[in-house]
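Whatever order the structure lists ligands and atoms in, that order sets their numbers, starting from 1.
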Amino acid sequence: MKAYRADLLDFASAPAWGDTQAEGAVRFRPDHWLLVDDAGRIAGAQATEPAPGVEREDWRGHLLLPGFIDTHVHSPQIGVIGSYGTALLDWLNDHTFPAERAWADEEIAARGSAHFLDALLAHGTTAAAVFPTVHKVSADALFTAAHQRGMRVLAGKVLMDRHAPDGLRDDVAQAERDCIDLIARWHNRGRASYAVTVRFAPTSSPAQLAMAGALCRADPTLYMQTHVAENRDEVRWVADLFPEARSYLDVYARAGLLHRRSILAHGIWLDDNDRAALRDAGAQVAFCPSSNLFLGSGLFDWPAMLAGGATVTLASDVGGGTSLSMQRTLADGYKVQALGGHKLTAWTALHAATRGAAEALELGGEIGSLEPGRLADFAVWRWSVTPVDAERQRLARLKGHLHEQVFAWMTLADERHLQATWVAGRKLYEDAVFAAPSSAAGGRG
Ligand code: GUN
Ligand code: ZN
């Protein structure tokens with residue numbers, strides 16, 4: 001058993017939209033001890049000192065959260081973050097596809113996957129739904145690197161058999177063989193799950209979409225991930241390519257790709273019928289605010305999703321997004337909602353990035369909260385790192401409004417605030433500047 005002293009924050013249930021109190025949903029336990037057993041599972045939390053002999057780490061004065069869950073991110077796109085000057089379709093052709101082509105090489109895919117997962121951990125993200133590339137080796141490399149770290153990942157070889165340059169296309173038969181082999185070797189192995197990964201409707205032929213749908217039907221425990229209705233030019237292109245479909249989302253629905261384990265990134269340009277289809281299928285939309293702002297894609301309407309009964313999670317969408325930091329993602333999410341006349345509470349945002357995502361992925365028994373029995377995926381954060389956010393925290397604390405304090409933190413914090421990250425009870429990242437306090441020392445920050 002090991003005990004960690006910090007301000008513990010997680011969620012018991014979903015906070016109501018706009019409710020800054022959210023009593024009952026928010027579980028804030030200041031200066032408590034989180035207990036982790038030797039199997040790397042959370043054993044409990046208590047205000048009192050652990051029994052003598054229990055090993056301890058004293059992070060007093062720090063914030064401890066469940067590891068963040070990024071429900072949509074691209075491992076090979078770290079190298080194209082912050083690429084100037086284009087909207088989605090040109091951005092793919094000018095920056096993204098050239099970068100992805102290199103991942104046909106096993107060595108590049110292995111090194112890149114390790115770099116990517118270590119970067120997630122260095123941002124306090126312990127679980128992710130990941131797009132590697134069209135190359136089978138890129139999926140193998142990602143699963144291997146995640147397995148070595150004990151990380152929870154959902155991923156799959158990207159399917160794209162048309163409208164992509166040479167070196168980035170598969171074909172239906174080869175793609176099917178690759179998927180079947182990857183599923184056999186990685187689905188439900190350790191903490192990996194296979195996600196049938198359709199890049200987006202324009203880059204898969206109807207035959208490939210049908211093959212992907214058949215894979216999902218054959219095994220309902222598989223995930224499915226793709227992009228939908230991100231950009232207006234993209235939506236028009238899909239309407240031209242699939243005139244028989246009622247909408248962009250309907251292309252996926254008709255192919256059997258819309259189900260309770262489907263993750264659809266963006267979903268900006270959907271209508272009420274689409275939202276009802278998402279609700280009926282139990283599928284989730286991954287809201288990618290940083291990417292949507294950076295690529296000028298549009299303003300996602302979260303309350304419309306809620307009204308339609310569809311589930312929303314949060315995602316960085318790097319490299320369309322400009323940071324792996326989930327705090328930055330949430331802060332951008334707040335701003336996008338504000339432009340639509342809505343206010344996103346820190347509670348709804350942080351819940352969606354932890355327990356909400358875990359439950360949407362049907363992984364609530366494993367990740368997303370600090371409840372006993374969950375694997376101990378968590379991160380310890382400094383409340384402030386600069387004179388500006390230190391003063392903001394001091395004033396919020398004086399007022400004694402927890403939401404104000406946590407909202408200011410969510411808005412101002414990023415990876416500089418991260419002290420350390422644990423995966424299944426193992427510390428896999430530690431800030432090099434602020435070393436761990438000894439068990440006798442008080443916390444910093
Ligand atoms: N649509 C198809 N591929 C991509 C991608 O890599 N990033 C984003 N943001 N949208 C996409
Ligand atoms: Zn994406």
Q. Do NZ/NE/NH1/NH2 and the carboxylate oxygens of E362 and R261 come within less than 4.0 Å?
A. yes
Q. Just which atoms of ligand 1 are under 4.0 Å from any heavy atom in H266?
A. 9 (N)
Q. Out of E100, H95, E234, H227, who gets a non-hydrogen atom closest to atom 8 (C) of ligand 1?
A. H227
Q) Should the pair E366-R41 be classified as a salt bridge under the 4.0 Å nitrogen-to-oxygen rule? A) no
Q) What is the ring orientation for H72 with F131, classed by angle as parallel under 30°, tilted 30 to 60°, or perpendicular over 60°? A) perpendicular
(Q) Strictly under 2.8 Å, is the Zn ion (ligand 2) approached by any N, O or S atom of H266? (A) no
Q) Nearest to atom 9 (N) of ligand 1, what protein heavy atom do you find, and at what distance? A) D317 OD2, 2.7 Å
Q.
Using the ring centroid of each side chain, check whether Y429 and W422 are separated by less than 6.0 Å.
A. no
Q. Quick one: do the E100 and Q77 side chains pair a donor with an acceptor below 3.5 Å?
A. yes
Q. Applying a strict 4.0 Å limit to heavy atoms, is W91 in contact with ligand 1?
A. yes
Q | atom 6 (O) of ligand 1: the protein heavy-atom neighbour that sits closest, reported with distance to 0.1 Å | A | R199 NH2, 2.6 Å
Q.
Looking only at distances, can you tell me whether any N or O atom of E230, backbone or side chain, sits closer than 3.5 Å to an N or O atom of ligand 1?
A. yes
Q: Report yes or no: does a heavy atom of Q77 sit under 4.0 Å from some atom of ligand 1?
A: yes
Q: Please state whether the rings of H403 and F407 are parallel, tilted or perpendicular, taking 30° and 60° as the class boundaries.
A: parallel
Q.
Quick check for you: with the Zn ion (ligand 2) as the vertex, what angle do OD1 of D317 and NE2 of H227 span, to 10°?
A. 160°
Q.
Under 2.8 Å from the Zn ion (ligand 2) - does any N, O or S atom of C288 fall there?
A. no
**Q.** Ring-ring centroid check W383 H417, cutoff 6.0 Å
**A.** no
